[in-house]
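Note that these values count all heavy atoms, side chains included, but never hydrogens, waters or copies made by symmetry. Throughout, protein chains are lettered first and strands after them, A, B, ... in sequence-line order, and every chain is numbered starting at 1. Being a predicted model, the structure only gives us computed values, none of them experimental.
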There are 2 protein chains.
Amino acid sequence: MAVTIKDVAREARVHMSTVSRAFSMPHRLRPETRTRVLEAARRLGYRPSRVARALTTGRTHNIGFIVADISNPFFPPMIKAAEHTARARDYHLFIADASEDPAIETELVDALAKQVDGVVLCGPRIANAKIERLSENIPIALVNRKVTGIPSVTMDVVNGAQTAIGHLLDLGHRKLAYVAGPRQSWTNTQIGRTVTSAADGRAEVTVLGPNTPNENAGLAVAEEIARAGVTAVLAYNDLLAIGLMEGLHSLGVDVPGDVSVIGVDDTVLARLARPRLTTIVVPTADAGTAAVDLLLQYTAEGDDVTTRAAGHVSLPTKLVIRDSTAPPPGAGS
Amino acid sequence: MAVTIKDVAREARVHMSTVSRAFSMPHRLRPETRTRVLEAARRLGYRPSRVARALTTGRTHNIGFIVADISNPFFPPMIKAAEHTARARDYHLFIADASEDPAIETELVDALAKQVDGVVLCGPRIANAKIERLSENIPIALVNRKVTGIPSVTMDVVNGAQTAIGHLLDLGHRKLAYVAGPRQSWTNTQIGRTVTSAADGRAEVTVLGPNTPNENAGLAVAEEIARAGVTAVLAYNDLLAIGLMEGLHSLGVDVPGDVSVIGVDDTVLARLARPRLTTIVVPTADAGTAAVDLLLQYTAEGDDVTTRAAGHVSLPTKLVIRDSTAPPPGAGS
DNA sequence: GACCGCCTGGCAATCGTTTGCGTAATTTTA
DNA sequence: TAAAATTACGCAAACGATTGCCAGGCGGTC
């Protein structure tokens, strides 16, 4: 039904191998033959079958891209960037949504393994050991996780969290809370550690969580925050922060009058929420691009798993101060 | 390197065809042989190569999913639902972002055609005629577009727009505007028509656009709205509505005091914006699910293109009234 | 006891490419 | 001008599955 390499061969009066070479090794053909073949291909509307090609070459030119939750606005810009750079390299992206579930995530890697050249795990929720095991079967690149020997791009959320805490301390806050994200999230443990160490000796910090990183969880934790008597909170991400702000609002707690709130990610939501959310901006699009480049580079490294060099990229973050942070109630100024 | 059907055959001491049958036609094997094969497969960790299978069967078990812009929050829930239902049917999704560009969209369909069983076009920006032409090569399903002979799911935005206009008329508005979306969008023309016909004889309506459906475009159109002297506007989507609200705000125009604003989609943003946006809620997730089901059903219909029956689904929408709509300035009540 | 039919499972062609090998044809070198 | 080197292209074997066809073995029927 579809036009194959054989049809083109007949049309151009050459052998199929010549047609194949016209595309993959043009320099090996006499210019005359080459144009004749290409012309015939054009005339017939020939497009090589990626499937058949994959079978012989062993490369599908597809990449798996697994995220924890597509509807978390943190991911779309990353997916978009990844998709565009993949396409620029003549690759296509399989997207899969792990629903924040390590078991599904593992299953997805296995399912995808047979039809992709590698997979990008974004904000993986599975354990390092398992990632190492999976990466023996299929090249893996990580976003927001570090595992030795596996290429990864991370966002320097430590620096971001430090300046965020610094900002709160400068404003005069002395009782802080960290509304934690998923236990398995690398970013979460990074931020958690940073908060306590940055505040060490200068402020008291309570950790609430772990929480699923969505608005509802943020809303649910509001009461606890109100009770805890803290004057400022850093949340694992914007979703939690925004849910929290809503919750506090309906409890009659003013943000930032009574409690300051800081998020992480700088999703669209942060600018839109009222009060506009102070948050740590992370370069999601850059991460998407870097991840597929790292992965592609890694897979190109040769077939011997043991000799491949895993690249690492760390992307800077920064704090953007908006309207959800202010001095604590009763502060002088 | 990977374990193939041949390895399993050797391990189970049967011919490869028997291994194949153990999976695809289990009833054709003696129970004893079947379990022996399955057991051997399990022991070796055998996973059939989807690529090889695709080559013989002609079915890749992959679906292309093309959206106009992944970072438009309208799409993620749809993608998520589509991906989940596809996976439940043992299919995987290729996601591609057309960047609101008809040329890219067409190119994507062509590029994907060779490695998917069908493609879903979400809010296509290409012309009907071209869609028909493309669908001769590869099964296509449409979201928010109707082309005879091609399966599609649409959202009944006409009804939604009617009640929206009704709501504005009830409030006493007599000078309305429609902030249009992309010219090629079916939804856009549906809404546009509905607005003028619903207001016919009861209110005056100005149409502004077409506009790229994002916040910036909404922001840009604010001044024009202010000048136009209208008291209420319906925007093509939430993004435009929200951008517009920001723009009006910075122009000192109060929403809803001076101008009422209604959006479409009910994305997360609508609830978050201040004032909270009155909007038409559309069932994006249902659309995603319905689209892949329609497509799968269509492709299963048999190989003869001419006998396939294209299913259609129309999904209901409804107006959710929040804080961005109110009576026009100077209204009695 | 010969014949028939079913059940089981092997054989080999096929899907559309790629690619190592071989050999005419052409060019270079001596 | 003959030998050597190179070039251009054909041949056919893979890649890993699926599937139509066929044959041997078995039990049932008359």
Side-chain angles (χ1 to χ4, degrees), chain A residues 1-41 44-62 90 111 113-117 137-138 303, chain B residues 1-41 44-62 90 111 113-117 137-138 303:
Chain A
M1 84 180 168
V3 26
T4 80
I5 207 173
K6 212 172 282 183
D7 303 319
V8 180
R10 193 177 320 115
E11 173 87 4
R13 319 200 134 274
V14 295
H15 192 264
M16 357 172 309
S17 56
T18 308
V19 178
S20 175
R21 281 190 268 258
F23 290 94
S24 51
M25 10 177 58
H27 58 281
R28 301 250 319 197
L29 261 48
R30 200 187 334 157
E32 172 193 311
T33 336
R34 188 195 318 146
T35 61
R36 179 152 49 96
V37 170
L38 261 24
E39 178 56 28
L44 268 46
Y46 168 73
R47 287 253 186 171
S49 157
R50 289 178 154 255
V51 173
R53 177 184 309 202
L55 192 56
T56 42
T57 60
R59 312 215 77 208
T60 61
H61 269 239
N62 291 147
D90 194 28
K114 269 287 164 16
Q115 47 186 342
V116 298
D117 296 339
N137 291 323
I138 178 91
D303 301 311
Chain B
M1 88 181 162
V3 26
T4 81
I5 206 173
K6 212 172 282 182
D7 302 320
V8 180
R10 192 176 320 114
E11 174 87 4
R13 318 200 136 275
V14 295
H15 193 262
M16 358 172 310
S17 57
T18 307
V19 177
S20 175
R21 281 191 269 260
F23 290 95
S24 50
M25 10 178 56
H27 58 282
R28 297 249 308 160
L29 262 49
R30 201 186 334 156
E32 171 192 312
T33 332
R34 188 195 318 146
T35 59
R36 180 153 47 97
V37 171
L38 261 24
E39 179 54 29
L44 267 46
Y46 169 72
R47 287 254 187 171
S49 157
R50 288 178 156 256
V51 173
R53 174 182 309 193
L55 192 56
T56 43
T57 61
R59 313 215 76 206
T60 60
H61 269 240
N62 291 147
D90 195 26
K114 269 286 165 18
Q115 48 185 344
V116 299
D117 295 338
N137 291 324
I138 177 91
D303 302 310

*To the nearest Å, give me how far apart CZ (B:Arg59) and P (D:dT18) are.*
14 Å

*Hey, does A:Ser20 reach any base, or is it just sugar-phosphate, or nothing, if we go heavy atoms under 4.0 Å?*
base

*When rounded to the nearest 0.5 angstrom, what is the spacing between CD1 in A:Ile5 and NE2 in A:His15?*
9.5 Å

*What is the minimum heavy-atom distance between B:Tyr46 and B:Thr4, and which atoms define it?*
CE1-C, 3.6 Å

*Hey, does the side chain of A:Thr57 come within less than 4.0 Å of C:dT18's phosphate (OP1/OP2), counting only N and O?*
no

_Enclosure of A:Arg59 CZ (heavy-atom neighbours >12, cutoff 6.0 Å)_ = yes

_Whole angstroms only, please: what is the NE2-C1' distance between A:His61 and C:dT17?_
13 Å

Pairwise N/O distances under 3.5 Å, protein to nucleotides 10-13 of chain C:
residue: C:dG10; atom: OP2; partner: B:His15; partner atom: N; Å: 2.8
residue: C:dG10; atom: OP2; partner: B:Thr18; partner atom: OG1; Å: 2.3
residue: C:dG10; atom: N7; partner: B:Arg21; partner atom: NH2; Å: 3.0
residue: C:dG10; atom: O6; partner: B:Arg21; partner atom: NH1; Å: 3.4
residue: C:dG10; atom: O6; partner: B:Arg21; partner atom: NH2; Å: 2.8
residue: C:dC11; atom: N4; partner: B:Ser17; partner atom: OG; Å: 3.4

_Distance, rounded to the nearest Å, where A:Asp7 contributes CG and C:dG16 contributes P_ = 9 Å

*Between A:Gln115 and B:Asn62, what is the shortest heavy-atom contact and its length?*
OE1-OD1, 3.3 Å

_Approximate separation, where rounding is to 0.5 Å, of A:Asp117 CG and A:Thr57 OG1_ = 8.0 Å

*State which residue, out of B:Val19, B:Val37, B:Leu44, fulfils the side chain to side chain contact (heavy atoms under 4.5 Å, CB included) condition with B:Glu11.*
B:Leu44

*Let me see the working for A:His61 and A:Asp90 under side-chain contact (heavy atoms from CB on, under 4.5 Å), right down to the final yes or no.*
CA-CA 7 Å; A:His61 269 239; A:Asp90 194 28; 3.8 Å; yes

*asked:* Quick check: closest heavy atoms across B:Val14 and B:Arg36, and the distance to 0.1 Å?
replied: CG1-NH1, 3.9 Å

*End-to-end bend of the helix from C:dG1-D:dC30 to C:dA30-D:dT1 (five-pair axes, 10° rounding)?*
50°

*May I have the distance from B:His27 (atom NE2) to D:dT19 (atom P), rounded to whole angstrom?*
12 Å

Which pairs, protein N/O on one side and nucleotides 23-26 of chain C N/O on the other, fall under 3.5 Å?
none

_What's B:Ser24 touching, base or sugar-phosphate or nothing? Going by heavy atoms closer than 4.0 Å._
nothing

*Hey, does B:Phe23 reach any base, or is it just sugar-phosphate, or nothing, if we go heavy atoms under 4.0 Å?*
nothing

*How far apart are the closest heavy atoms of B:Asp7 and B:Val3, and which atoms are they?*
OD2-CA, 3.3 Å

*Let me know the distance between CE of A:Met25 and P of D:dA8, rounded to the nearest Å.*
13 Å

*Looking at the side chain of A:Arg30, which of D:dA17, D:dA8, C:dT19 is the nearest nucleotide?*
D:dA8

_Of the options D:dA17, D:dA14, C:dG9, whose atoms approach the side-chain atoms of A:Thr56 most closely?_
D:dA14

_Inter-residue atom distance A:Thr60.OG1 - B:Arg50.CZ, 0.5 Å rounding_ = 12.5 Å

*To the nearest Å, how far apart are A:Arg36 CZ and D:dC9 C1'?*
11 Å

_Using 0.5 Å steps for rounding, measure from the OG atom of A:Ser17 to the CE atom of A:Met25._
11.0 Å

*asked:* Check this one for me: any side-chain N or O of B:Ser49 less than 4.0 Å away from OP1 or OP2 of D:dC15?
replied: no

*asked:* If I take atom NZ in residue B:Lys6 and atom P in nucleotide D:dC15, what distance separates them, rounded to the nearest angstrom?
replied: 6 Å

*Between CZ of A:Arg21 and NE2 of A:His27, what distance do you get to the nearest 0.5 Å?*
10.5 Å

*Once you round it to whole Å, what is the distance between C1' of D:dG16 and CG of A:Leu55?*
6 Å

